[in-house]
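Reading through the C-alpha coordinates given below for one structure.
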Amino acid sequence: MMYNQVVMDHFRNPRNVGVIEEADGVGEVGNPLCGDMMTIYLKIRDERIEDIKFQTFGCGSAIAVSSMLTEIAKGKTIEEAKRITNRDVAEALQGLPKNKLHCSNLGADALQMAIRDYEARKAGIRRPELKRKDEHEHSHGDKCYCPYCDVEVDEGATFCEACQHELKEDH
Amino acid sequence: MSFINLDHISANPLLPEVKRAMIAAIEHDYHNPSSQHRRGEEAAAALEQARAEVARLVNAEDPREIVFTSGGTESVNHAIKGVALANAERGRHIVTTNIEHNAVIRSLRRLKSQGFTVTSLSVDAHGRVNPAAVAEAITPETILVSVMHANNETGTLQPIAEIAAIARARKVLFHTDAVDSVGVVPFDVREIGADLVSFAANAFYGPTGVGGLYIRKGVKIFPLLDGGVQEHNKRAGTENLVGILGMAAAAALARRELASRMAHLSRLKALFLEGLAAEIDEVIVNTHPVHSLPHLVSASIRYVEGESVMLMLDDEGFGVSTRSACATGSLRASHVLLSLGLSHADAQGTILVSFGLENTAEDVRRFLSALKKVVATLRGISPLYRKNASTG
(Lines give C-alpha, C1' and ligand atoms only; values in the text may rest on other atoms or scores of the structure.)
Protein backbone atom coordinates (compact mmCIF):
# COMPACT_ATOMS: atom_id res chain seq x y z
CA MET A 1 0.00 0.00 0.00
CA MET A 2 1.41 3.34 -1.01
CA TYR A 3 -0.32 5.34 1.76
CA ASN A 4 0.18 5.21 5.53
CA GLN A 5 -2.62 4.40 8.00
CA VAL A 6 -3.42 8.04 8.83
CA VAL A 7 -3.86 8.90 5.15
CA MET A 8 -5.98 5.81 4.57
CA ASP A 9 -8.16 6.63 7.58
CA HIS A 10 -8.88 10.13 6.26
CA PHE A 11 -9.48 8.71 2.77
CA ARG A 12 -11.87 6.04 4.06
CA ASN A 13 -13.65 8.29 6.54
CA PRO A 14 -13.26 11.83 5.27
CA ARG A 15 -14.25 14.47 7.81
CA ASN A 16 -16.33 17.56 6.96
CA VAL A 17 -17.45 16.53 3.48
CA GLY A 18 -20.10 18.66 1.83
CA VAL A 19 -21.31 22.10 0.91
CA ILE A 20 -22.18 25.01 3.23
CA GLU A 21 -25.13 26.85 1.75
CA GLU A 22 -24.81 30.61 2.33
CA ALA A 23 -21.08 30.18 3.05
CA ASP A 24 -19.13 33.23 4.20
CA GLY A 25 -16.14 32.27 2.05
CA VAL A 26 -15.52 29.84 -0.80
CA GLY A 27 -12.16 28.79 -2.29
CA GLU A 28 -11.67 26.59 -5.30
CA VAL A 29 -8.33 25.42 -6.70
CA GLY A 30 -6.88 22.83 -9.01
CA ASN A 31 -7.96 21.43 -12.29
CA PRO A 32 -8.34 17.94 -13.64
CA LEU A 33 -5.27 18.38 -15.86
CA CYS A 34 -3.08 18.19 -12.78
CA GLY A 35 -5.22 15.45 -11.30
CA ASP A 36 -7.41 17.09 -8.69
CA MET A 37 -9.88 19.82 -7.87
CA MET A 38 -10.90 21.05 -4.45
CA THR A 39 -13.56 23.43 -3.09
CA ILE A 40 -13.53 24.73 0.51
CA TYR A 41 -16.55 26.37 2.19
CA LEU A 42 -16.24 28.47 5.37
CA LYS A 43 -18.79 29.58 7.95
CA ILE A 44 -17.25 32.35 10.04
CA ARG A 45 -18.49 33.65 13.40
CA ASP A 46 -16.61 36.28 15.42
CA GLU A 47 -13.57 35.95 13.14
CA ARG A 48 -13.39 32.23 13.89
CA ILE A 49 -13.97 29.27 11.55
CA GLU A 50 -17.17 27.91 13.01
CA ASP A 51 -17.69 25.37 10.25
CA ILE A 52 -15.72 24.19 7.25
CA LYS A 53 -16.63 21.74 4.51
CA PHE A 54 -14.96 20.46 1.38
CA GLN A 55 -15.58 18.76 -1.94
CA THR A 56 -12.75 17.10 -3.81
CA PHE A 57 -12.24 15.33 -7.11
CA GLY A 58 -8.98 13.48 -6.88
CA CYS A 59 -6.86 10.58 -5.79
CA GLY A 60 -6.72 9.05 -2.31
CA SER A 61 -4.13 11.57 -1.22
CA ALA A 62 -6.15 14.59 -2.39
CA ILE A 63 -9.18 13.41 -0.43
CA ALA A 64 -7.11 12.72 2.72
CA VAL A 65 -5.44 16.15 2.45
CA SER A 66 -8.82 17.88 2.18
CA SER A 67 -10.15 16.01 5.18
CA MET A 68 -7.10 16.69 7.36
CA LEU A 69 -7.04 20.34 6.35
CA THR A 70 -10.63 20.85 7.49
CA GLU A 71 -9.84 19.18 10.82
CA ILE A 72 -6.85 21.46 11.38
CA ALA A 73 -8.72 24.62 10.39
CA LYS A 74 -11.98 24.03 12.22
CA GLY A 75 -12.29 26.26 15.30
CA LYS A 76 -9.23 28.36 14.44
CA THR A 77 -9.38 32.16 14.20
CA ILE A 78 -8.93 33.67 10.77
CA GLU A 79 -5.45 34.85 11.72
CA GLU A 80 -4.48 31.36 12.93
CA ALA A 81 -5.92 29.75 9.84
CA LYS A 82 -3.92 32.04 7.59
CA ARG A 83 -0.76 30.50 9.00
CA ILE A 84 -1.73 26.92 8.02
CA THR A 85 0.72 25.71 5.40
CA ASN A 86 0.89 22.81 3.01
CA ARG A 87 3.63 21.36 5.17
CA ASP A 88 1.37 21.40 8.25
CA VAL A 89 -1.18 19.28 6.41
CA ALA A 90 1.39 16.82 5.05
CA GLU A 91 2.97 16.49 8.50
CA ALA A 92 -0.36 15.93 10.21
CA LEU A 93 -0.92 13.10 7.75
CA GLN A 94 2.49 11.71 8.77
CA GLY A 95 3.81 12.00 5.26
CA LEU A 96 2.67 11.51 1.68
CA PRO A 97 4.38 9.71 -1.18
CA LYS A 98 6.75 12.09 -2.91
CA ASN A 99 4.80 12.25 -6.13
CA LYS A 100 1.65 13.15 -4.16
CA LEU A 101 3.06 16.10 -2.25
CA HIS A 102 1.46 18.48 -4.72
CA CYS A 103 -1.92 17.40 -3.32
CA SER A 104 -1.04 19.10 -0.04
CA ASN A 105 -0.34 22.35 -1.94
CA LEU A 106 -3.86 22.18 -3.20
CA GLY A 107 -5.39 21.93 0.28
CA ALA A 108 -3.79 24.95 1.90
CA ASP A 109 -4.21 26.97 -1.30
CA ALA A 110 -7.96 26.31 -1.28
CA LEU A 111 -8.22 27.37 2.37
CA GLN A 112 -6.28 30.59 1.79
CA MET A 113 -8.45 31.36 -1.21
CA ALA A 114 -11.61 30.84 0.84
CA ILE A 115 -10.25 33.18 3.53
CA ARG A 116 -9.47 35.85 0.92
CA ASP A 117 -12.98 35.43 -0.43
CA TYR A 118 -14.40 35.93 3.07
CA GLU A 119 -12.32 39.07 3.64
CA ALA A 120 -13.28 40.51 0.27
CA ARG A 121 -16.96 39.98 0.99
CA LYS A 122 -16.56 41.57 4.43
CA ALA A 123 -14.91 44.60 2.84
CA GLY A 124 -17.92 44.90 0.55
CA ILE A 125 -16.08 43.89 -2.61
CA ARG A 126 -18.52 42.11 -4.82
CA ARG A 127 -16.88 39.13 -6.37
CA PRO A 128 -18.24 37.42 -9.44
CA GLU A 129 -19.88 34.06 -9.01
CA LEU A 130 -17.29 31.28 -9.03
CA LYS A 131 -17.19 29.70 -12.42
CA ARG A 132 -15.82 26.40 -13.56
CA LYS A 133 -12.28 27.02 -14.72
CA ASP A 134 -11.31 26.06 -18.18
CA GLU A 135 -9.45 22.80 -18.06
CA HIS A 136 -6.21 24.33 -19.19
CA GLU A 137 -6.28 27.22 -16.79
CA HIS A 138 -4.27 26.78 -13.62
CA SER A 139 -5.84 28.55 -10.71
CA HIS A 140 -2.97 27.69 -8.38
CA GLY A 141 -0.45 29.42 -10.59
CA ASP A 142 0.31 29.08 -14.24
CA LYS A 143 2.47 26.04 -13.75
CA CYS A 144 2.08 22.33 -13.27
CA TYR A 145 4.24 20.49 -10.81
CA CYS A 146 6.49 17.54 -11.53
CA PRO A 147 4.80 14.50 -10.04
CA TYR A 148 8.17 13.06 -9.02
CA CYS A 149 10.03 15.92 -7.38
CA ASP A 150 7.37 18.63 -7.10
CA VAL A 151 9.30 21.39 -8.82
CA GLU A 152 7.33 23.63 -11.15
CA VAL A 153 7.34 22.62 -14.79
CA ASP A 154 5.74 24.17 -17.84
CA GLU A 155 2.31 22.87 -18.72
CA GLY A 156 3.43 21.18 -21.92
CA ALA A 157 6.71 19.90 -20.53
CA THR A 158 7.54 16.31 -21.45
CA PHE A 159 10.60 16.07 -19.28
CA CYS A 160 11.50 17.30 -15.79
CA GLU A 161 14.96 18.85 -15.93
CA ALA A 162 15.24 18.76 -12.14
CA CYS A 163 14.86 15.03 -11.60
CA GLN A 164 15.31 13.81 -15.18
CA HIS A 165 11.95 12.06 -15.26
CA GLU A 166 9.90 11.92 -18.41
CA LEU A 167 6.51 13.45 -17.75
CA LYS A 168 4.35 12.58 -20.70
CA GLU A 169 4.52 10.57 -23.85
CA ASP A 170 5.95 12.53 -26.71
CA HIS A 171 4.69 11.65 -30.14
CA MET B 1 -11.40 -11.04 3.93
CA SER B 2 -12.28 -12.47 0.54
CA PHE B 3 -10.60 -10.98 -2.49
CA ILE B 4 -11.93 -11.22 -6.01
CA ASN B 5 -9.36 -10.60 -8.70
CA LEU B 6 -10.78 -8.54 -11.57
CA ASP B 7 -7.34 -7.40 -12.70
CA HIS B 8 -6.24 -10.24 -14.96
CA ILE B 9 -4.68 -7.87 -17.46
CA SER B 10 -1.97 -7.21 -14.84
CA ALA B 11 -1.42 -10.83 -13.85
CA ASN B 12 -3.00 -14.21 -14.43
CA PRO B 13 -2.59 -17.00 -11.88
CA LEU B 14 -0.75 -20.13 -13.00
CA LEU B 15 -3.14 -22.93 -13.88
CA PRO B 16 -2.64 -26.15 -11.87
CA GLU B 17 -1.47 -28.03 -14.99
CA VAL B 18 1.12 -25.33 -15.66
CA LYS B 19 2.37 -25.46 -12.07
CA ARG B 20 2.69 -29.22 -12.31
CA ALA B 21 4.68 -28.98 -15.55
CA MET B 22 7.05 -26.44 -14.01
CA ILE B 23 7.52 -28.38 -10.78
CA ALA B 24 8.24 -31.50 -12.82
CA ALA B 25 10.80 -29.53 -14.85
CA ILE B 26 12.49 -28.30 -11.68
CA GLU B 27 12.57 -31.77 -10.16
CA HIS B 28 13.90 -33.27 -13.36
CA ASP B 29 16.83 -30.86 -13.09
CA TYR B 30 17.39 -30.43 -16.83
CA HIS B 31 20.91 -29.94 -18.10
CA ASN B 32 21.97 -27.23 -20.57
CA PRO B 33 20.24 -27.83 -23.95
CA SER B 34 23.44 -26.77 -25.72
CA SER B 35 25.49 -29.57 -24.14
CA GLN B 36 26.19 -32.45 -26.48
CA HIS B 37 26.07 -35.37 -24.08
CA ARG B 38 22.90 -37.34 -23.47
CA ARG B 39 21.60 -35.12 -20.67
CA GLY B 40 22.10 -32.06 -22.83
CA GLU B 41 20.32 -33.71 -25.72
CA GLU B 42 17.44 -34.64 -23.45
CA ALA B 43 17.10 -30.98 -22.44
CA ALA B 44 17.33 -29.91 -26.09
CA ALA B 45 14.55 -32.34 -26.99
CA ALA B 46 12.31 -30.93 -24.25
CA LEU B 47 13.08 -27.42 -25.47
CA GLU B 48 12.23 -28.23 -29.09
CA GLN B 49 9.03 -29.99 -28.08
CA ALA B 50 8.03 -26.85 -26.19
CA ARG B 51 8.87 -24.73 -29.23
CA ALA B 52 6.65 -26.90 -31.42
CA GLU B 53 3.80 -26.54 -28.92
CA VAL B 54 4.10 -22.75 -28.85
CA ALA B 55 4.41 -22.66 -32.66
CA ARG B 56 1.07 -24.49 -32.88
CA LEU B 57 -0.59 -21.86 -30.69
CA VAL B 58 0.12 -19.17 -33.31
CA ASN B 59 0.11 -21.58 -36.28
CA ALA B 60 3.70 -20.85 -37.31
CA GLU B 61 4.84 -22.84 -40.32
CA ASP B 62 8.12 -23.90 -38.74
CA PRO B 63 8.84 -24.09 -34.97
CA ARG B 64 12.20 -22.44 -35.66
CA GLU B 65 10.27 -19.25 -36.33
CA ILE B 66 9.64 -19.04 -32.56
CA VAL B 67 12.30 -17.45 -30.34
CA PHE B 68 11.86 -17.76 -26.58
CA THR B 69 12.45 -14.52 -24.70
CA SER B 70 12.14 -13.17 -21.16
CA GLY B 71 8.66 -11.80 -21.92
CA GLY B 72 6.71 -9.30 -23.96
CA THR B 73 9.02 -6.37 -23.32
CA GLU B 74 12.08 -8.20 -24.59
CA SER B 75 10.19 -9.53 -27.62
CA VAL B 76 9.07 -6.02 -28.58
CA ASN B 77 12.54 -4.53 -28.07
CA HIS B 78 14.06 -7.33 -30.12
CA ALA B 79 11.57 -6.99 -32.98
CA ILE B 80 11.81 -3.22 -33.30
CA LYS B 81 15.49 -2.60 -32.61
CA GLY B 82 16.60 -5.79 -34.35
CA VAL B 83 14.73 -4.91 -37.57
CA ALA B 84 15.83 -1.27 -37.46
CA LEU B 85 19.51 -2.12 -37.04
CA ALA B 86 19.47 -4.87 -39.68
CA ASN B 87 17.63 -2.78 -42.28
CA ALA B 88 18.99 0.73 -41.64
CA GLU B 89 20.73 0.94 -45.00
CA ARG B 90 17.37 0.36 -46.72
CA GLY B 91 15.62 3.15 -44.82
CA ARG B 92 15.17 4.73 -41.43
CA HIS B 93 11.44 5.35 -41.16
CA ILE B 94 8.98 3.44 -38.95
CA VAL B 95 5.17 3.73 -38.74
CA THR B 96 3.29 3.09 -35.49
CA THR B 97 0.23 4.33 -33.53
CA ASN B 98 -0.37 6.67 -30.60
CA ILE B 99 -1.67 3.92 -28.35
CA GLU B 100 1.22 1.47 -28.21
CA HIS B 101 2.63 0.05 -25.01
CA ASN B 102 5.67 1.81 -23.55
CA ALA B 103 7.87 -1.08 -24.70
CA VAL B 104 7.13 0.02 -28.28
CA ILE B 105 7.07 3.76 -27.62
CA ARG B 106 10.37 3.78 -25.77
CA SER B 107 12.10 1.41 -28.18
CA LEU B 108 11.15 3.81 -30.95
CA ARG B 109 12.23 6.81 -28.91
CA ARG B 110 15.64 5.17 -28.51
CA LEU B 111 15.82 4.72 -32.28
CA LYS B 112 14.80 8.34 -32.86
CA SER B 113 17.86 9.43 -30.92
CA GLN B 114 19.89 7.31 -33.36
CA GLY B 115 18.55 9.08 -36.44
CA PHE B 116 15.42 7.08 -37.23
CA THR B 117 12.14 8.89 -37.89
CA VAL B 118 8.77 7.70 -36.65
CA THR B 119 5.24 8.46 -37.83
CA SER B 120 2.70 7.80 -35.08
CA LEU B 121 -0.94 7.50 -36.15
CA SER B 122 -4.00 8.60 -34.22
CA VAL B 123 -7.00 6.40 -33.42
CA ASP B 124 -10.77 6.82 -33.25
CA ALA B 125 -12.89 7.08 -30.08
CA HIS B 126 -12.69 3.33 -29.49
CA GLY B 127 -8.98 3.26 -30.10
CA ARG B 128 -8.92 1.83 -33.64
CA VAL B 129 -6.44 2.92 -36.26
CA ASN B 130 -7.61 3.36 -39.84
CA PRO B 131 -5.63 1.05 -42.19
CA ALA B 132 -5.85 3.70 -44.91
CA ALA B 133 -3.83 6.01 -42.64
CA VAL B 134 -1.11 3.36 -42.46
CA ALA B 135 -0.99 3.17 -46.24
CA GLU B 136 -0.64 6.95 -46.43
CA ALA B 137 2.13 7.05 -43.84
CA ILE B 138 4.37 4.54 -45.62
CA THR B 139 7.18 6.19 -47.61
CA PRO B 140 10.02 4.69 -49.70
CA GLU B 141 12.13 5.08 -46.53
CA THR B 142 9.80 2.96 -44.39
CA ILE B 143 11.26 -0.34 -43.13
CA LEU B 144 8.76 -1.33 -40.45
CA VAL B 145 5.13 -0.92 -39.44
CA SER B 146 4.42 -1.77 -35.78
CA VAL B 147 0.79 -1.82 -34.66
CA MET B 148 -0.39 -3.58 -31.52
CA HIS B 149 -3.13 -6.23 -31.74
CA ALA B 150 -5.04 -5.75 -28.47
CA ASN B 151 -4.58 -2.57 -26.49
CA ASN B 152 -3.81 -3.21 -22.83
CA GLU B 153 -5.79 -0.20 -21.61
CA THR B 154 -8.94 -0.48 -23.72
CA GLY B 155 -8.99 -4.08 -24.95
CA THR B 156 -9.74 -2.83 -28.46
CA LEU B 157 -8.41 -5.01 -31.28
CA GLN B 158 -6.75 -3.47 -34.32
CA PRO B 159 -7.44 -4.58 -37.89
CA ILE B 160 -3.94 -6.06 -38.13
CA ALA B 161 -4.59 -8.43 -41.05
CA GLU B 162 -5.55 -5.46 -43.22
CA ILE B 163 -2.56 -3.48 -42.03
CA ALA B 164 -0.22 -6.44 -42.59
CA ALA B 165 -1.49 -6.75 -46.17
CA ILE B 166 -0.84 -3.07 -46.80
CA ALA B 167 2.71 -3.35 -45.40
CA ARG B 168 3.41 -6.48 -47.42
CA ALA B 169 2.22 -4.88 -50.66
CA ARG B 170 4.69 -2.06 -50.04
CA LYS B 171 7.48 -4.49 -49.08
CA VAL B 172 7.62 -3.18 -45.52
CA LEU B 173 7.96 -5.51 -42.52
CA PHE B 174 5.00 -5.73 -40.13
CA HIS B 175 5.34 -6.30 -36.38
CA THR B 176 2.45 -6.62 -33.98
CA ASP B 177 2.64 -6.44 -30.19
CA ALA B 178 0.17 -9.22 -29.41
CA VAL B 179 1.15 -9.62 -25.76
CA ASP B 180 -2.45 -9.30 -24.56
CA SER B 181 -4.10 -11.33 -27.30
CA VAL B 182 -2.05 -14.43 -28.19
CA GLY B 183 -3.55 -17.31 -26.23
CA VAL B 184 -6.62 -15.22 -25.42
CA VAL B 185 -8.25 -14.91 -28.85
CA PRO B 186 -7.55 -16.91 -32.02
CA PHE B 187 -4.25 -15.80 -33.48
CA ASP B 188 -2.85 -17.26 -36.71
CA VAL B 189 0.38 -15.66 -37.93
CA ARG B 190 -0.16 -16.95 -41.47
CA GLU B 191 -3.75 -15.81 -41.74
CA ILE B 192 -2.78 -12.38 -40.40
CA GLY B 193 0.34 -12.20 -42.54
CA ALA B 194 2.58 -10.82 -39.80
CA ASP B 195 6.36 -10.86 -40.11
CA LEU B 196 7.01 -10.45 -36.38
CA VAL B 197 4.73 -11.11 -33.41
CA SER B 198 5.54 -10.41 -29.76
CA PHE B 199 3.71 -12.41 -27.12
CA ALA B 200 3.98 -13.50 -23.48
CA ALA B 201 3.10 -16.63 -21.50
CA ASN B 202 1.30 -14.96 -18.62
CA ALA B 203 -1.51 -13.72 -20.90
CA PHE B 204 -2.59 -17.37 -21.22
CA TYR B 205 -1.97 -18.40 -17.60
CA GLY B 206 1.67 -19.34 -18.07
CA PRO B 207 4.55 -18.00 -15.96
CA THR B 208 5.80 -14.41 -16.03
CA GLY B 209 9.37 -13.90 -17.22
CA VAL B 210 8.91 -15.93 -20.39
CA GLY B 211 7.57 -14.95 -23.77
CA GLY B 212 8.01 -15.49 -27.46
CA LEU B 213 8.88 -13.64 -30.60
CA TYR B 214 7.64 -15.05 -33.90
CA ILE B 215 10.07 -14.15 -36.69
CA ARG B 216 8.84 -15.25 -40.10
CA LYS B 217 11.46 -17.19 -42.00
CA GLY B 218 13.55 -14.86 -44.14
CA VAL B 219 13.02 -11.69 -42.10
CA LYS B 220 16.22 -9.74 -41.73
CA ILE B 221 16.78 -9.03 -38.03
CA PHE B 222 19.71 -8.68 -35.64
CA PRO B 223 19.68 -10.27 -32.20
CA LEU B 224 19.05 -8.00 -29.22
CA LEU B 225 21.38 -10.07 -27.06
CA ASP B 226 24.73 -11.11 -28.46
CA GLY B 227 26.56 -14.12 -27.08
CA GLY B 228 26.11 -17.81 -27.68
CA VAL B 229 24.31 -19.51 -30.55
CA GLN B 230 21.13 -20.44 -28.66
CA GLU B 231 17.70 -20.05 -30.25
CA HIS B 232 19.09 -20.59 -33.73
CA ASN B 233 21.44 -17.65 -33.33
CA LYS B 234 18.61 -15.25 -32.60
CA ARG B 235 18.81 -14.95 -28.83
CA ALA B 236 21.96 -15.66 -26.84
CA GLY B 237 21.86 -17.00 -23.29
CA THR B 238 21.11 -20.38 -21.75
CA GLU B 239 17.39 -21.02 -22.06
CA ASN B 240 14.98 -20.63 -19.13
CA LEU B 241 13.76 -24.18 -19.58
CA VAL B 242 11.50 -24.29 -16.50
CA GLY B 243 9.68 -21.18 -17.70
CA ILE B 244 9.60 -22.38 -21.29
CA LEU B 245 8.11 -25.74 -20.32
CA GLY B 246 5.51 -23.87 -18.26
CA MET B 247 4.72 -21.70 -21.27
CA ALA B 248 4.34 -24.77 -23.48
CA ALA B 249 1.95 -26.41 -21.01
CA ALA B 250 -0.09 -23.19 -20.89
CA ALA B 251 -0.05 -22.94 -24.71
CA ALA B 252 -1.36 -26.49 -25.10
CA LEU B 253 -4.23 -25.77 -22.71
CA ALA B 254 -5.02 -22.41 -24.27
CA ARG B 255 -5.21 -23.91 -27.74
CA ARG B 256 -7.53 -26.65 -26.56
CA GLU B 257 -9.77 -24.44 -24.42
CA LEU B 258 -9.74 -21.20 -26.40
CA ALA B 259 -13.38 -21.33 -27.52
CA SER B 260 -14.80 -22.29 -24.13
CA ARG B 261 -12.64 -19.71 -22.35
CA MET B 262 -13.81 -16.99 -24.71
CA ALA B 263 -17.43 -17.99 -24.23
CA HIS B 264 -17.08 -17.87 -20.42
CA LEU B 265 -15.26 -14.54 -20.39
CA SER B 266 -17.55 -12.90 -22.94
CA ARG B 267 -20.55 -13.88 -20.85
CA LEU B 268 -19.05 -12.21 -17.76
CA LYS B 269 -18.14 -9.13 -19.78
CA ALA B 270 -21.65 -8.83 -21.24
CA LEU B 271 -23.16 -9.25 -17.78
CA PHE B 272 -20.92 -6.51 -16.43
CA LEU B 273 -21.60 -4.09 -19.28
CA GLU B 274 -25.33 -4.66 -18.96
CA GLY B 275 -25.23 -4.05 -15.20
CA LEU B 276 -22.96 -1.03 -15.58
CA ALA B 277 -25.38 0.63 -18.00
CA ALA B 278 -28.33 -0.11 -15.73
CA GLU B 279 -26.76 0.78 -12.37
CA ILE B 280 -24.45 3.75 -12.92
CA ASP B 281 -25.17 6.90 -14.90
CA GLU B 282 -22.65 8.97 -16.84
CA VAL B 283 -20.21 6.21 -17.74
CA ILE B 284 -18.20 6.15 -20.96
CA VAL B 285 -17.24 2.64 -22.14
CA ASN B 286 -13.95 2.96 -24.00
CA THR B 287 -13.71 -0.63 -25.14
CA HIS B 288 -14.88 -1.35 -28.69
CA PRO B 289 -18.32 -3.05 -28.59
CA VAL B 290 -17.30 -5.73 -31.12
CA HIS B 291 -13.59 -5.66 -31.90
CA SER B 292 -12.20 -6.18 -28.41
CA LEU B 293 -10.75 -8.74 -26.01
CA PRO B 294 -13.38 -11.00 -24.44
CA HIS B 295 -12.35 -10.27 -20.86
CA LEU B 296 -11.55 -6.57 -20.56
CA VAL B 297 -13.63 -3.43 -20.05
CA SER B 298 -12.30 0.10 -19.80
CA ALA B 299 -14.89 2.43 -18.35
CA SER B 300 -14.57 6.12 -17.54
CA ILE B 301 -16.84 6.94 -14.64
CA ARG B 302 -17.41 10.65 -14.81
CA TYR B 303 -16.81 12.99 -11.84
CA VAL B 304 -14.72 10.51 -9.86
CA GLU B 305 -11.02 9.73 -9.96
CA GLY B 306 -9.74 6.25 -10.76
CA GLU B 307 -7.26 5.77 -7.93
CA SER B 308 -9.92 6.61 -5.35
CA VAL B 309 -12.30 4.12 -6.96
CA MET B 310 -9.59 1.46 -7.02
CA LEU B 311 -8.65 2.01 -3.34
CA MET B 312 -12.26 1.87 -2.17
CA LEU B 313 -12.95 -1.24 -4.24
CA ASP B 314 -9.89 -2.82 -2.63
CA ASP B 315 -11.50 -2.14 0.76
CA GLU B 316 -14.61 -3.91 -0.54
CA GLY B 317 -12.52 -6.93 -1.57
CA PHE B 318 -12.16 -6.37 -5.33
CA GLY B 319 -8.96 -5.86 -7.29
CA VAL B 320 -9.23 -3.69 -10.40
CA SER B 321 -6.67 -1.53 -12.09
CA THR B 322 -6.70 2.08 -13.08
CA ARG B 323 -4.80 3.83 -15.77
CA SER B 324 -5.51 7.08 -14.16
CA ALA B 325 -2.06 8.50 -14.18
CA CYS B 326 -2.20 9.04 -10.43
CA ALA B 327 -1.75 5.35 -9.76
CA THR B 328 1.22 4.88 -11.98
CA GLY B 329 3.61 7.48 -10.67
CA SER B 330 2.94 10.10 -13.27
CA LEU B 331 0.00 12.34 -12.52
CA ARG B 332 -0.69 12.81 -16.17
CA ALA B 333 -3.61 10.98 -17.67
CA SER B 334 -2.81 7.96 -19.82
CA HIS B 335 -1.63 8.69 -23.37
CA VAL B 336 -3.91 5.91 -24.62
CA LEU B 337 -7.05 7.35 -23.04
CA LEU B 338 -6.27 10.89 -24.19
CA SER B 339 -5.75 9.49 -27.69
CA LEU B 340 -9.36 8.31 -27.66
CA GLY B 341 -10.39 11.93 -27.24
CA LEU B 342 -11.35 11.72 -23.57
CA SER B 343 -11.01 14.89 -21.49
CA HIS B 344 -8.38 14.82 -18.76
CA ALA B 345 -11.05 14.61 -16.06
CA ASP B 346 -12.78 11.66 -17.73
CA ALA B 347 -9.46 9.93 -18.41
CA GLN B 348 -8.61 10.25 -14.70
CA GLY B 349 -11.87 8.52 -13.83
CA THR B 350 -11.10 5.38 -15.79
CA ILE B 351 -11.02 1.90 -14.33
CA LEU B 352 -9.95 -1.28 -16.02
CA VAL B 353 -11.88 -4.44 -15.20
CA SER B 354 -10.48 -7.70 -16.58
CA PHE B 355 -12.14 -11.02 -15.91
CA GLY B 356 -10.43 -14.38 -15.57
CA LEU B 357 -11.23 -18.06 -15.81
CA GLU B 358 -11.96 -18.38 -12.08
CA ASN B 359 -14.49 -15.52 -12.02
CA THR B 360 -18.21 -16.28 -11.87
CA ALA B 361 -21.46 -14.47 -12.68
CA GLU B 362 -21.93 -14.06 -8.93
CA ASP B 363 -18.57 -12.23 -8.74
CA VAL B 364 -19.84 -9.81 -11.39
CA ARG B 365 -23.10 -9.17 -9.54
CA ARG B 366 -21.29 -8.56 -6.24
CA PHE B 367 -18.77 -6.32 -7.97
CA LEU B 368 -21.49 -4.21 -9.57
CA SER B 369 -23.11 -3.57 -6.24
CA ALA B 370 -19.77 -2.62 -4.64
CA LEU B 371 -18.94 -0.36 -7.57
CA LYS B 372 -22.29 1.37 -7.34
CA LYS B 373 -21.72 2.08 -3.66
CA VAL B 374 -18.15 3.35 -4.16
CA VAL B 375 -19.11 5.63 -7.05
CA ALA B 376 -22.00 7.10 -5.06
CA THR B 377 -19.65 7.81 -2.13
CA LEU B 378 -17.02 9.48 -4.29
CA ARG B 379 -19.50 11.47 -6.32
CA GLY B 380 -20.90 12.69 -3.01
CA ILE B 381 -17.46 14.19 -2.33
CA SER B 382 -16.77 15.44 -5.86
CA PRO B 383 -17.30 19.12 -6.74
CA LEU B 384 -17.56 18.17 -10.41
CA TYR B 385 -20.65 16.01 -9.95
CA ARG B 386 -22.59 18.79 -8.28
CA LYS B 387 -21.69 21.32 -10.97
CA ASN B 388 -21.97 19.21 -14.06
CA ALA B 389 -24.90 16.98 -13.31
CA SER B 390 -27.60 18.37 -15.54
CA THR B 391 -30.48 17.39 -13.30
CA GLY B 392 -29.97 17.69 -9.56
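Here is the naming used below: chain letters follow the sequence lines, and residue numbers restart at 1 for every chain.
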Exercise: identify the closest heavy-atom pair between B/Pro383 and A/Met37: CG-O, 3.9 Å
Other residues, nucleotides, ligands: >12 heavy atoms within 6.0 Å of B/Lys372 NZ: no
Interatomic spacing from CZ in B/Arg379 to CD in A/Gln55 - rounded to 0.5 Å: 13.5 Å
Approximate separation, where rounding is to 0.5 Å, of B/Met312 CE and A/Ile63 CD1: 5.5 Å
Heavy-atom closest contact (A/Gly60 atom, B/Ser308 atom, distance): N-OG, 3.5 Å
Side-chain heavy atoms of B/Glu307 within contact of A/Met2, under 4.5 Å: yes
CG (A/Asn13) with more than 12 external heavy atoms under 6.0 Å: yes
Non-hydrogen side-chain atoms of B/Asp315 and A/Arg12 separated by less than 4.5 Å: yes
Contacting region of A/Pro97 [heavy-atom separation from chain B under 4.5 Å]: neither
Residue pair A/Phe57 / B/Ile381, side-chain heavy-atom distance below 4.5 Å: no
Which atoms of A/Ser61 approach chain B - backbone, side chain, both or neither, heavy atom under 4.5 Å: backbone
Donor-acceptor under 3.5 Å (A/Thr56 side chain, B/Ser382 main chain): no
